[in-house]
Asks: 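The following block contains the structure, expressed as structure tokens.
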Number of protein chains: 2
Amino acid sequence: MDMTTFSALAEPNRLRIVELLLDGPMSVGEIAEQLQIRQPQASKHLRTLLDAGLVEVEAVANRRNYKLRLEPFQQLDAWLNTYRGVWNEQLDKLESYLNKLKHKSN
Amino acid sequence: MDMTTFSALAEPNRLRIVELLLDGPMSVGEIAEQLQIRQPQASKHLRTLLDAGLVEVEAVANRRNYKLRLEPFQQLDAWLNTYRGVWNEQLDKLESYLNKLKHKSN
DNA sequence: CAGGAATATTCTCTAAATGGTATATTTAGT
DNA sequence: ACTAAATATACCATTTAGAGAATATTCCTG
């Protein structure tokens, strides 16, 4: 799993940016306004997200519209599969334990 | 989504610890040895993971055995569902676009 | 109950991340 | 070409994270 995804999401403003972008592409100014932060901060966080591959930009005249890239989220999803393995194991154990209980008590 | 999960996983040694613990509980010493780091570092990272709720400890005599807590990973999984929504949308769009192409060219 | 092993904590130092402010860059409109 | 708007970058100051080394704590064993 690529750690830079986690670093990028570990900062509150950046996490909020990512969640904002779920609703679709947005310009730097709009993002800054929504998050109540100054424009340079917004640009800097977007730069970080860009470097981490979490977003991409499309330049439209004066504006830069940022939008989510899905690949890193899909990678995250794939990574989580390993853990699903573990928790399913535990559910299975629980289930068979409950089955044993049932047979004994009946 | 709780940000501290991301912060905790954003550090390489901690990410490795988490992946180590997939194979089962492990003591501080074993973890330090596997990661080739010094014991105090291991303890400190484990402390961070503990505070973030990613692991839990069981004290057995001298040893402290750390193991994964699944809840945060399940939360992460749930959070990702939002993004699955987005990428399924895009797959749907792609699919219907391909269908249109097919009908036109035939 | 003294000694040793395993672990946690504290302190110090350095490096990296972050916010603020000012400034540079690009583009549209006149 | 000049001005204004949108964005990016650079610089500085502050904070925070992490490594290392030393020390404290806990618990087992003899």
Side-chain angles (χ1 to χ4, degrees), chain A residues 1-21 23-69 72 76, chain B residues 1-21 23-69 72 76:
Chain A
M1 177 62 204
D2 187 12
M3 227 197 44
T4 65
T5 299
F6 291 127
S7 317
L9 296 173
E11 206 279 333
N13 290 309
R14 287 197 294 267
L15 185 54
R16 292 184 62 200
I17 289 177
V18 166
E19 306 206 312
L20 262 186
L21 293 182
D23 296 332
M26 213 174 271
S27 75
V28 177
E30 291 171 316
I31 292 172
E33 191 196 342
Q34 292 287 327
L35 299 204
Q36 304 260 57
I37 60 179
R38 302 168 195 276
Q39 174 267 318
Q41 273 32 283
S43 282
K44 281 188 271 190
H45 285 307
L46 285 165
R47 171 64 186 230
T48 304
L49 291 170
L50 190 64
D51 290 345
L54 291 188
V55 301
E56 57 191 0
V57 218
E58 189 197 8
V60 175
N62 244 358
R63 311 261 170 93
R64 303 278 180 120
N65 292 315
Y66 284 84
K67 69 172 186 178
L68 287 184
R69 287 187 66 241
L76 195 48
Chain B
M1 178 60 205
D2 186 13
M3 223 198 45
T4 64
T5 300
F6 292 126
S7 317
L9 297 173
E11 206 277 332
N13 290 309
R14 287 197 294 266
L15 186 53
R16 292 184 64 201
I17 289 177
V18 165
E19 307 207 310
L20 260 187
L21 293 183
D23 296 333
M26 213 172 272
S27 76
V28 178
E30 290 171 320
I31 292 172
E33 191 196 342
Q34 291 287 327
L35 300 204
Q36 303 260 55
I37 61 181
R38 301 168 195 275
Q39 174 268 315
Q41 274 31 285
S43 282
K44 281 188 274 190
H45 285 308
L46 285 165
R47 171 63 184 230
T48 303
L49 290 170
L50 191 63
D51 290 345
L54 291 189
V55 300
E56 57 190 1
V57 218
E58 189 198 8
V60 174
N62 243 358
R63 309 261 169 93
R64 303 280 179 119
N65 292 315
Y66 284 84
K67 69 172 185 175
L68 287 183
R69 287 189 65 241
L76 195 50

Asks: Give, for atom CG of L50(A) and atom CZ of R69(A), the distance between the pair rounded to the nearest 0.5 Å.
Replies: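 Answer for the CG-CZ pair, L50(A) versus R69(A), is 9.0 Å.
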
Asks: Looking at every strand, decide which applies to N13(A) at a 4.0 Å heavy-atom threshold: base, sugar-phosphate, or nothing.
Replies: sugar-phosphate

Asks: Whole-Å distance between dT16(D) P and M3(B) CE?
Replies: 13 Å

Asks: When rounded to the nearest 0.5 angstrom, what is the spacing between OG in S7(A) and CG in D51(A)?
Replies: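 So the OG of S7(A) and the CG of D51(A) are separated by 12.0 Å.
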
Asks: Is there a side-chain contact between L35(B) and L20(B) (heavy atoms, below 4.5 Å)?
Replies: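 Yes, their side chains come closer than 4.5 Å.
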
Asks: For residues N13(B) and Q41(B), determine if any side-chain heavy atom of one lies less than 4.5 Å from a side-chain heavy atom of the other.
Replies: no

Asks: Between N65(A) and V60(B), which residue's closest nucleotide on DNA chain D lies nearer the 5′ terminus?
Replies: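 Comparing both residues, the 5'-ward one is N65(A).
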
Asks: Rounding to an integer number of Å, can you tell me how far Q41(B) CD sits from dA21(D) P?
Replies: 9 Å

Asks: Picking from dT27(C), dA8(D), dT7(C), which would you name as closest to the side chain of A61(A)?
Replies: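 So the side chain of A61(A) is nearest to dT27(C).
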
Asks: Which is true for T48(A) with a 4.0 Å heavy-atom rule: it touches a base, it touches only sugar-phosphate, or it touches nothing?
Replies: nothing

Asks: Round to the nearest Å and state the distance from R47(B) atom CZ to dA19(D) atom C1'.
Replies: 18 Å

Asks: Between the base of dA28(C) and the side chain of N62(A), is there a donor-acceptor distance below 3.5 Å?
Replies: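 A donor-acceptor contact between them is absent.
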
Asks: Could you state the atom-to-atom distance from CD of E11(B) to P of dA15(C) in whole Å?
Replies: 17 Å

Asks: Can you check the L46(A) CG to dT9(D) C1' distance for me, whole Å?
Replies: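 Atom CG in L46(A) sits about 14 Å away from atom C1' in dT9(D).
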
Asks: Does the side chain of R14(A) get closer than 4.0 angstrom to OP1 or OP2 of dT18(C) through an N or O atom?
Replies: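 Checking dT18(C) against R14(A), a side-chain N or O does come within under 4.0 Å of OP1 or OP2.
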
Asks: Could you please name the option among dT27(C), dT7(C), dT7(D) that lies closest to any side-chain atom of R64(A)?
Replies: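 Within the option list, the nearest is dT7(D).
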
Asks: Can you tell me how far P of dG18(D) sits from CD1 of I17(B), to the nearest Å?
Replies: 11 Å

Asks: For E33(B), I'd like to know if atom CD has over 12 heavy atoms of other residues, nucleotides or ligands within 6.0 Å.
Replies: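 Count not over threshold, so no.
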
Asks: Taking OP1 and OP2 of dA8(C), is either one under 4.0 Å from a side-chain nitrogen or oxygen of Y66(B)?
Replies: yes

Asks: Give the rounded distance in Å between these two atoms: CG of L50(A) and C1' of dT9(D).
Replies: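 Going from CG in L50(A) over to C1' in dT9(D) covers 14 Å.
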
Asks: So does R38(A) get a side-chain nitrogen or oxygen closer than 4.0 Å to the phosphate oxygens (OP1/OP2) of dG20(C)?
Replies: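 Looking at the OP1 and OP2 atoms of dG20(C), one of them is under 4.0 Å from a side-chain N or O of R38(A).
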
Asks: Please report, rounded to the nearest Å, how far the C1' atom of dT29(D) is from the CZ atom of R63(B).
Replies: 14 Å

Asks: Could you please name the option among dT9(D), dA19(D), dA22(D) that lies closest to any side-chain atom of K44(A)?
Replies: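 In terms of side-chain proximity for K44(A), the closest of dT9(D), dA19(D), dA22(D) is dT9(D).
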
Asks: Check whether any side-chain nitrogen or oxygen of S27(B) sits under 4.0 Å from OP1 or OP2 of dA6(C), and answer yes or no.
Replies: no

Asks: Distance check: side-chain N/O of H45(A) vs OP1/OP2 of dA17(C), anything under 4.0 Å?
Replies: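 No, H45(A) has no side-chain N/O under 4.0 Å of OP1/OP2 on dA17(C).
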
Asks: Would you state whether a donor and an acceptor, one from the side chain of Q39(B) and one from the base of dA8(C), lie under 3.5 Å apart?
Replies: yes

Asks: Would you say the side chain of T5(B) lies within less than 4.5 Å of the side chain of L9(B), judging by non-hydrogen atoms?
Replies: yes

